[in-house]
Amino acid sequence: MTAEILDWTRGGAGIAYQTCASCGAVWYFQRGFCPVCGDGNPVTRQASGAGTVYARTSVARAPTEELRAHAPYLIVLVDADEGFRLMAHGDPTLEIGDWVRARFIDLAGRKIPYFEPADGRR
Ligand SMILES: [Zn+2]
């Protein structure tokens with residue numbers, strides 16, 4: 001049984017990533033070949049949405065008119081539990097090293113991942 005993979009870049013409320021069956025590489029942006037070994041059959045998987053904050057930056061000047069209404073806001077780089085890194089919006093209280101989980105919010109007409117503190121322990 002193959003479950004449908006939800007990918008927010010394609011309108012779904014989920015985070016997708018890819019892995020390479022040949023060399024074991026893991027990456028975020030979807031592409032047709034492995035960026036490490038060039039294998040042409042990457043496997044797309046569903047991420048749990050859990051991860052750890054690697055870096056954070058507060059954005060005071062929004063780059064677009066749609067985002068201006070939300071500024072200042074926090075952008076975080078998150079190391080996903082599955083081994084890839086992604087950039088997303090996050091709760092302003094997040095600090096480096098915090099364990100987080102993504103939920104999906106509507107921003108400027110799109111569903112985007114938004115990281116919040118995760119409950120409990122990993
Ligand atoms: Zn590979």
Side-chain angles (χ1 to χ4, degrees):
M1 192 184 88
T2 306
E4 187 195 356
I5 291 174
L6 299 173
D7 178 358
W8 71 273
T9 66
R10 291 170 165 79
I15 296 168
Y17 68 105
Q18 289 182 307
T19 64
C20 175
S22 294
C23 75
V26 178
W27 65 93
Y28 178 46
F29 291 108
Q30 302 221 9
R31 54 183 93 200
F33 60 91
C34 171
V36 176
C37 75
D39 182 277
N41 294 296
V43 180
T44 302
R45 298 182 190 280
Q46 187 76 66
S48 64
T52 306
V53 177
Y54 172 79
R56 68 191 297 287
T57 183
S58 184
V59 178
R61 281 172 182 264
T64 66
E65 194 61 46
E66 290 88 348
L67 285 171
R68 206 152 290 153
H70 302 276
Y73 54 87
L74 190 75
I75 294 292
V76 284
L77 267 180
V78 171
D79 282 334
D81 282 1
E82 291 83 3
F84 63 96
R85 183 172 287 168
L86 77 158
M87 184 182 290
H89 286 255
D91 186 280
T93 65
L94 292 178
E95 298 292 345
I96 290 168
D98 282 357
W99 188 32
V100 291
R101 189 170 285 281
R103 69 181 175 94
F104 289 82
I105 63 168
D106 288 310
L107 183 69
R110 315 207 298 155
K111 280 209 188 313
I112 63 162
Y114 183 88
F115 283 96
E116 294 183 320
D119 294 330
R121 309 230 69 92
R122 38 173 91 244

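All ligand and atom numbering here is 1-based and tracks the order in the structure.
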Next item on the list: May I ask you to decide if I15's main-chain N or O and Q46's side chain share a donor-acceptor pair within less than 3.5 Å?
Entry: yes

Note to self: Donor-acceptor pair, distance only, cut-off 3.5 Å: does the side chain of R110 make one with the backbone of W8?
What the structure shows: no

Margin query: Test of understanding: clusters of I, L, V, M, F, W, Y form through side-chain heavy atoms closer than 4.5 Å, transitively. Do Y17 and I112 belong to the same one?
Written below: yes

Check: the Zn ion (ligand 1): which protein N, O or S atoms are under 2.8 Å away?
Finding: C20 SG, C23 SG, C34 SG, C37 SG

Checklist line | Residue pairs passing the salt bridge (charged side-chain N to carboxylate O under 4.0 Å, His left out) test where at least one lies in residues 57-77, sequence neighbours excluded | finding: E65-R68

Next item on the list: Tell me, please, which residues at least two apart from A71 pass side-chain contact (heavy atoms from CB on, under 4.5 Å).
Entry: A62, Y73

Got a list of side-chain donor-acceptor pairs under 3.5 Å for residues 29-39, not counting sequence neighbours?
residue	atom	partner	partner atom	Å
Q30	NE2	D7	OD2	3.2
D39	OD1	N41	N	2.9
D39	OD2	S22	OG	2.5

